Amino acid sequence: MFELYFPIAVLAVVAVVLALVLMVLSGILGPKRPDKVKLMPYESGMDPYGQARDRYSVSFYLVAVEFIVFDLEVVFLYPWAVRFLDLDAGAFWAMMVFITVLLLGLVYTLKKGTLDWDSSTAAHNRA
Amino acid sequence: MGLLELLTPALLTSLAVIGGGAFFLLNSAALAVYAERRVAAFIQNRVGPNRVGPMGLLQPIADVLKLILKEDVVPAQGNKVVHAIAPMIPVITALMTVAVIPFGDGLVGANLNVGVLYLLAITSLGVYGVTLAGWASNSKYALLGGLRAAAQMLSYELPMGMAVASVVLLAGSLSVVEVVNAQRDLWFVFVNPIGFLIFFIAALAEANRTPFDLVEAEQELVGGYHTEYSSMKFGMFFLAEYMHVTIGSMLITTFFFGGYHLPFSSHWLPDIGNWKILLDITVFLGKTCFFAFSYIWIRWTIPRFKYDQLMRLGWSRLLPLSIVNFMVIAIVLWMMR
């Protein structure tokens, strides 16, 4: 156990230290001449209009919700995929039914247009 | 028990392999930047960088020096802590993947029995860097880039996970070494070509490479999530992108092109003793270089998708296809049992 995970821990420490060193190095070596205009968010040369953290499209939330459902499905698949040849027929067909149900769910959401980013057809399908 | 007793030869070997792997990965990122510019120049009938060092080979070093000596601008209204942490995340996660990748027979940092899960877990953490960078900058272009990145990387992680699951079906193990050894006779690309195609496309999307580079689409979002980044903070995003190119190539090689095995090697390869290690490393790196080249080749050949096309490809083409591919492979293996 120790022999397996100790090298990974060492690598993690090295990676973090490397990232910190790169970060600090440019902070030390680079010039520092901040002024008000330089520190503004870039907006193609115009003065920024309002705050950036405004409302954004609900479709991004829908993608996140769908992702959780299907990512959990994938996580369930891995242990089954390792051992499925040793299990009996019940376990095999149970997983096939599980995948089919989620596949049908995916087809339903696609037909419903929840993941359709072309706004004209999306509005039409949701109505 | 003292610390010295814990440092067994096996542990020292794996530490050396991890050190070598991380060193290779960092240098490959620099080489990939150089290769990208030279190949792009070749494809566009230009010369490309050829002034710094022989054939411009020292160009990446010059680039890094320049970036380190530039001013580090942090937007006044941004979140300064998150703005500083965000570029470190993709670099750290990219470096950590190298721990479980076998470079040759016995040349693996840590032969975890859950190596495939470890790879998926670590690579999917990379999305945090890009998304937090977009949010912390408090700039509209950066926020849009970060949101797009989150949605895109989540969407393509699913077909990628399903494609890897179909590899696990064939290998019957979650250990990366076992996956490679299961391909000694027959590479999985011959058994599972659809899985390979899905994984390759998803790997392009996960690395935010053209045709999936909407995350930083220069023509509409200026620089996307790294609009407000300068100096070495920008350099770290740049470094991470090219490390992801190398890692994507390594993963394609490992999962579908037999890792360090030559095709059908058990049938014709004679016993060459200790030279086998050198051959293994050469074969593995050769395959990795080929796929890294094809990443660059694709970037300078294929135009960018529109966002709705990207989402449609991910959710209504690749994901159902990958699920059906998984079911078909499972059923065939079950029938042949």
Side-chain angles (χ1 to χ4, degrees), chain A residues 2-8 10-12 14-16 18-20 22-23 25-27 29-34 36 38-44 48 51-54 56 59-60 63-64 66-67 70-71 74 77-78 81-82 84-85 92 95-96 99-100 102-103 106-107 110 115-118, chain B residues 6 8 10-11 14-15 18 22 67-73 75-77 84 88 91-92 95-96 99 109-112 117 137-141 143 147 151 154-155 157-158 161-162 165 168-169 172-174 222 227-228 231-233 236 307-308 311 315-316 319-320 323 327 330 333-334 337:
Chain A
F2 173 79
E3 292 215 334
L4 280 181
Y5 287 92
F6 179 68
I8 293 181
V10 171
L11 182 65
V14 169
V16 171
L18 181 87
L20 279 174
L22 284 177
M23 184 73 72
L25 212 60
S26 70
L29 294 177
K32 271 179 209 60
R33 287 187 288 274
K36 191 161 166 287
K38 197 190 272 177
L39 296 184
M40 276 182 185
Y42 179 77
E43 213 151 283
S44 308
Q51 284 285 312
R53 290 172 195 148
D54 210 342
Y56 41 83
S59 303
F60 287 113
V63 167
E66 295 274 321
F67 168 75
F70 287 98
D71 204 39
V74 174
L77 286 180
Y78 276 99
V82 177
F84 80 111
L85 289 178
F92 181 79
M95 188 49 101
M96 285 297 133
I99 300 173
T100 312
L102 277 158
L103 194 59
L106 177 66
V107 171
L110 288 175
L115 295 169
D116 203 338
W117 290 68
D118 190 352
Chain B
L6 286 174
T8 56
L11 189 60
S14 61
L15 281 177
I18 285 189
L67 280 171
I68 285 182
L69 295 174
K70 288 285 175 185
E71 179 174 0
D72 183 11
V73 181
Q77 296 181 331
M88 291 162 60
V91 173
I92 294 171
L95 271 174
M96 285 197 55
N111 182 12
L112 296 189
L117 271 183
S137 301
N138 200 10
S139 153
K140 287 166 194 112
Y141 293 124
L143 183 75
L147 283 174
L154 292 186
S155 303
E157 206 176 301
L158 297 173
M162 291 301 293
V168 173
L169 279 181
S173 170
L174 281 174
V222 188
T227 304
E228 297 295 334
S231 174
M232 200 57 208
K233 281 183 188 165
M236 283 162 83
Y307 204 72
D308 60 322
M311 282 298 169
W315 284 98
S316 60
L319 184 56
I323 295 177
M327 288 174 81
L333 285 178
W334 179 259
R337 162 179 92 126

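Every chain is numbered from 1, with letters handed out A, B, ... down the list of sequences. Please read all numbers here as calculations on a predicted model, not as lab measurements.
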(request) Just jot down the ring-ring contact (aromatic ring centres under 6.0 Å, His included) partners of B:Tyr307, sequence neighbours excluded, or say none. (result) A:Trp117

(message) To the nearest 0.5 Å, what is the distance between CG on A:Leu11 and CD1 on B:Ile92?
(response) 10.5 Å

(request) Under 4.5 Å heavy-atom distance to chain A, tell me which part of B:Ala22 shows up: side chain, backbone, both or neither. (result) side chain

(message) Nearest 0.5 Å, please: how far is CE in A:Met95 from CH2 in B:Trp334?
(response) 12.5 Å

(request) Could you tell me which portion of B:Met236 (side chain, backbone, both or neither) has an atom closer than 4.5 angstrom to a non-hydrogen atom of chain A? (result) side chain

(message) I need the minimum non-hydrogen distance between B:Ile18 and A:Pro7, along with the two atoms involved.
(response) CD1-CB, 3.4 Å

(request) Mind ranking A:Val14, A:Val63, A:Val10, A:Leu18 by heavy-atom pairs under 4.5 Å with chain B and telling me who comes out on top? (result) A:Val63

(message) Heavy-atom cut-off 4.5 Å, strictly under: side chain, backbone, both or neither for B:Leu333 against chain A?
(response) both

(message) For a quick test of reading the model, state the closest non-hydrogen atom pair linking A:Leu106 to B:Pro320 and the distance between them.
(response) CD2-CG, 3.7 Å

(request) Please list, chain by chain and in numerical order, all residues satisfying ring-ring contact (aromatic ring centres under 6.0 Å, His included) with A:Phe84, sequence neighbours excluded. (result) A:Trp80

(request) Pick one of side chain, backbone, both or neither for B:Lys140, based on which atoms fall under 4.5 Å of a heavy atom in chain A. (result) both

(request) Would you give the length of the straight line joining atom CG of A:Leu20 to atom CE of B:Met88, rounded to the nearest 0.5 angstrom? (result) 4.0 Å

(message) Does any backbone or side-chain atom of A:Phe92 lie under 4.5 Å from a heavy atom of chain B? Answer side chain, backbone, both or neither.
(response) side chain

(request) Please look at B:Thr227 and chain A and tell me whether the side chain, the backbone, both or neither of the residue comes under 4.5 angstrom of a heavy atom of that chain. (result) side chain

(request) Look only at the side chain of A:Tyr5 and the backbone of B:Ala110, and say whether a donor-acceptor pair between them is shorter than 3.5 Å. (result) no

(message) Let's go through A:Met23 and B:Met232 carefully: what are the C-alpha distance in whole Å and the side-chain angles of both, what is the deciding distance for side-chain contact (heavy atoms from CB on, under 4.5 Å) to 0.1 Å, and is it a yes or a no?
(response) CA-CA 7 Å; A:Met23 184 73 72; B:Met232 200 57 208; over 6 Å; no

(request) Side chain from CB out, backbone as N, CA, C, O: work out which of these in A:Leu85 comes under 4.5 Å of a heavy atom of chain B, or both, or neither. (result) both

